Amino acid sequence: MRDLQIDWLKCFVATVDAGSLSSAAPEIHRSQSAVSMQIKKLEAALGHPVLLRGPRQLQLTHEGQVLLGYARRMLDLHAEAQAALHEEALTGLVRLGVPDDYASKYLTPVLKRFAPRHGGVEIQLDCEQSTSLIPRVSRGELDLALVSRDNARRGTLLFHEPMVWVGSTQFDVWTRSPLPIAVYEPASPGRRSALNALALQGRPYRIVYNSSSLAGQIAAVESGLAVAVLTQCSAPPHLQVLGEQHGLGPLAPMEVAVYRSRASQGNKAVDSLHRMLVQTLRQAGR
């Protein structure tokens, strides 16, 4: 077996994350044909195909799935070594967005690592729902955002966050029919997950509360107005997690990704924070 080249691995991981060769190419500043050639070299060195080219999307082979975890770790270590040997004093502003759900558990550990190393970088943090953050990144109003992604090609996938039904222990709201539910705005993945789960069960429901904030969802549950669907990381311990024994079926998890604006490409401060988000949160999601 030949040695695996960093460029091959970069093209492989970028293609997996982007979902196609054409989407991966601009992310790593190469042409589509160059990305394809690098992956062919990787497959020749391994003696196995790593990707199956389907009519709609690429799929990992068994060997590709095995390689992916190692490739990510090798690229992370490569970037870390480069930063340690050539790191310069960074300055500037990074405009970062995060939903309330993910701010405490996932963003805080990253910023605790980043801030002492890069004291010259100012971080402007906006807390909004993913449905608001995604278009702001697309327009270049934000440099980075941690989001529940709305399609498989949005940003770099970090991990899957479980979704849970929650209710108040003081009110047996889940026994009512139709089921009263609190939901986020119509474009919210959490709302879609809740309504899809109820539709699959054939369970009648009634939307009694709309709020775009996590605090609003929790308030609706605490007051006995409704049950709600929250990310597992944001469910307060005083609320009861509900399941099949309460007549509520399973929910699809959120795909949590870091989404970066095209306008921020080449900004070294954004490069550094983006790299740390990926390295730290991919490990947290394992």
Side-chain angles (χ1 to χ4, degrees), residues 97-109 127-134 145-152 154-155 157-259 281-286:
V98 64
D100 291 338
D101 308 43
Y102 304 141
S104 178
K105 181 171 181 180
Y106 296 123
L107 186 60
T108 299
C127 287
E128 299 180 55
Q129 288 300 309
S130 297
T131 49
S132 298
L133 294 174
I134 288 171
L146 192 63
V147 298
S148 298
R149 67 180 182 179
D150 52 354
N151 68 65
R154 181 80 67 192
L157 178 63
L158 302 175
F159 57 90
H160 290 82
E161 174 67 24
M163 301 292 290
V164 293
W165 292 100
V166 294
S168 170
T169 56
Q170 300 177 40
F171 308 96
D172 56 353
V173 175
W174 55 85
T175 64
R176 301 177 193 170
S177 184
L179 178 72
I181 60 172
V183 293
Y184 287 106
E185 64 275 11
S188 164
R191 177 180 177 135
R192 287 201 305 269
S193 181
L195 300 188
N196 287 343
L198 293 172
L200 288 173
Q201 287 183 267
R203 180 161 184 180
Y205 65 87
R206 183 166 59 96
I207 296 174
V208 299
Y209 189 86
N210 280 276
S211 175
S212 61
S213 74
L214 173 62
Q217 298 291 312
I218 293 173
V221 176
E222 290 176 333
S223 61
L225 284 176
V227 299
V229 167
L230 304 180
T231 51
Q232 182 173 275
C233 66
S234 67
H238 65 277
L239 293 182
Q240 183 175 0
V241 174
L242 309 173
E244 291 183 7
Q245 67 272 32
H246 303 95
L248 293 167
L251 297 156
M254 288 291 120
E255 291 188 340
V256 181
V258 57
Y259 184 35
L281 298 184
R282 275 209 175 122
Q283 291 174 1
R286 286 174 188 160

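Just so you know, these numbers come straight off a predicted model, no measurement behind them.
In this structure, R191 contributes its side chain and A194 its backbone to no donor-acceptor pair below 3.5 Å. Put simply, the side chain of Q201 gets close to the backbone of G247: a donor and an acceptor are under 3.5 Å apart. The closest donor-acceptor contact from the side chain of T108 to the backbone of S104 lies under 3.5 Å. Under a 3.5 Å cut-off, the side chain of E255 and the backbone N or O of L157 do not form any donor-acceptor pair. Not a single donor-acceptor pair under 3.5 Å links the side chain of Q217 to the backbone N or O of V229.
Annotation: side chain of L248 is in contact with side chain of R203 (closest heavy-atom distance under 4.5 Å). In this structure the side chain of L251 never reaches within 4.5 angstrom of the side chain of N196, judged on heavy atoms. Within the 4.5 Å cutoff, side-chain heavy atoms of V227 are placed close to those of L242. Considering only heavy atoms from C-beta on, L214 comes within 4.5 Å of Y184 through its side chain. Looking at P236 and L230, their side chains come closer than 4.5 Å, going by heavy atoms from C-beta outward. L281 is not listed as a side-chain neighbour of V256, based on a closest heavy-atom distance of 4.5 Å or more. L195 is listed as a side-chain neighbour of Y205, based on a closest heavy-atom distance under 4.5 Å. Between Y106 and F159 there is a side-chain heavy-atom pair separated by less than 4.5 Å.
One distance of note links OG of S168 with CD1 of I218; it measures 12.0 Å at 0.5 Å rounding. One distance of note links CD of Q240 with CZ of F171; it measures 13.0 Å at 0.5 Å rounding. Rounded to the nearest 0.5 Å, atoms OG (S234) and CE (M163) are 7.5 Å apart. Annotation: the span from I134 atom CD1 to S148 atom OG amounts to 8.0 Å, rounded to 0.5 Å. To the nearest 0.5 Å, atoms CE (M254) and OH (Y102) are separated by 6.5 Å.
When every heavy atom of D150 is checked against every heavy atom of R154, the shortest pair comes out as OD1-NE, 2.9 Å. Smallest separation of non-hydrogen atoms from I181 and A226: C-CB, 3.5 Å. Across S213 and G216, no two heavy atoms sit closer than the pair OG-N, 2.9 Å. Shortest non-hydrogen contact noted between V173 and L179 is O-CD1, 3.9 Å. Across P99 and S130, no two heavy atoms sit closer than the pair CG-OG, 3.5 Å. Shown here for G249 and W165, the closest heavy-atom pair between the two residues is O-NE1, 3.0 Å.
Within a 6.0 Å sphere centred on CD of E244, other residues, nucleotides and ligands contribute 12 heavy atoms or fewer. For CZ of R206, the number of neighbouring non-hydrogen atoms (other residues, nucleotides, ligands) closer than 6.0 Å is 12 at most.
The closest side-chain donor-acceptor pair between S188 and Q129, if any, does not fall under 3.5 angstrom.
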